[in-house]
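If you're wondering where the values come from, they're calculated on a predicted model, not measured in any experiment.
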Amino acid sequence: MPTRRTIRFFRAPLFALALGAAPVCAQTMQGDWPCRQVRVPEIALGGVWTGPSIEQERKSWRDDAAVADLVARIAPRRTPQEEAEKLIADFAKGAGANRKARLTLLFSGLYERLNGERLDIVNGLDRFGRRLKEMAEKTREETQAFYELQNRKPPEPEAVKKAAEALQWRVRLFEEQRKMVSYVCESPALIEQRLGALARKIIAEME
């Protein structure tokens, strides 16, 4: 039979799990959404863009090879903001009399690409939230089974040991996944911030 010290060792993380899992599983208002932030599937165009309408450009920006290439270069966050803004300025200088129209086309491409990437992440977070809730429920079930086994008469030391090891592994896995949430949940906001900064630079180059 595990010693009292061993039993406390397994109960401590389980208690922490019960506290930590509750907020994740209680967010019924947002379904499977695991983040503290409100679930907003798309970037509100009016929140990032005050320039000309992009309704027509949303269908045609890919037909402009230079615009499509620039979108691919400056949309990713691995491209430093300063470098992205310089590329936008260079593009504006070379656009000539069609500068405003081509810059509008550029923003249209950025909006479609970054909004699409953001939506993919939001949908992925929904799936992540479902898995996290399933893991929390499974862990609670295994915790209850472990306590029942621990209190069984006559005692089964070897079975308790194996169950404790399996439960400790599951708790550790759940905690690792739960800690990832706060990091991944920042991604939609970072994408929107990126788009907003690029939009401001594009509008500045129109003037």
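Residues satisfying the ring pair (Phe, Tyr, Trp, His ring centres under 6.0 Å) criterion with Y111, sequence neighbours excluded, are absent altogether. Applying the salt bridge (Lys or Arg N to Asp or Glu O under 4.0 Å) test to R62 and every residue at least two apart in sequence or in another chain returns E112.
To the nearest 0.5 Å, the span separating CG on L198 from CD1 on I203 amounts to 11.5 Å. Atom NZ in K100 sits 9.5 Å away from atom CD in E207 (nearest 0.5 Å). Atoms CG and OG1, on L167 and T139 in that order, are 7.0 Å from each other to the nearest 0.5 Å. Here the CG-CD1 distance, from L114 to I43, works out to 6.5 Å after rounding to the nearest 0.5 Å.
In this structure, the side chains of P188 and V40 stay at 4.5 Å or more apart for every pair of heavy atoms. Using a 4.5 Å cut-off on side-chain heavy atoms (C-beta onward), F174 and Q177 make no contact.
Legend: side chain to side chain donor-acceptor pair (under 3.5 Å) pairs involving residues 89-99, not counting sequence neighbours, sorted by first then second residue: K86-D90. For residues 44-82, every residue pair satisfying the ring pair (Phe, Tyr, Trp, His ring centres under 6.0 Å) rule, not counting sequence neighbours, is listed here: W49-F107. Identified under the side chain to side chain donor-acceptor pair (under 3.5 Å) test for residues 190-203, with sequence neighbours left out: Q81-R194, K201-E205. Sorted by first then second residue, the disulfide (SG to SG under 2.5 Å) pairs that include residues 111-173, not counting sequence neighbours, number zero.
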For this session: Quick one: do E117 and R113 satisfy salt bridge (Lys or Arg N to Asp or Glu O under 4.0 Å)? Show the steps, please.
Result: CA-CA 6 Å; E117 288 180 6; R113 170 157 176 167; 3.0 Å; yes
For this session: Go through K138 and R170 one step at a time and tell me if the side chain to side chain contact (heavy atoms under 4.5 Å, CB included) criterion holds.
Result: CA-CA 9 Å; K138 184 66 174 178; R170 182 172 289 280; 3.4 Å; yes
Problem set entry | Residue pair V171, T143: steps toward the side chain to side chain contact (heavy atoms under 4.5 Å, CB included) verdict | CA-CA 9 Å; V171 168; T143 300; 5.5 Å; no
Exercise. Would R77 and S187 satisfy side chain to side chain contact (heavy atoms under 4.5 Å, CB included), going step by step from the backbone distance to the final call?
Worked result: CA-CA 11 Å; R77 279 180 284 164; S187 295; 4.3 Å; yes
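Put simply, the side chain of T79 gets close to the backbone of R73: a donor and an acceptor are under 3.5 Å apart. The closest donor-acceptor contact from the side chain of R152 to the backbone of V160 lies at 3.5 Å or more, if one exists at all. Distance alone, capped at 3.5 Å, places no donor-acceptor pair between the S108 side chain and the T104 backbone. A donor-acceptor pair under 3.5 Å is absent between the side-chain atoms of D69 and the main chain of A65, judged by distance alone. Using modelled atom types, no side-chain atom of D32 and backbone atom of D126 make a donor-acceptor pair closer than 3.5 Å.
Environment of CD in E141: crowded, with over 12 heavy atoms of neighbouring residues, nucleotides or ligands closer than 6.0 Å.
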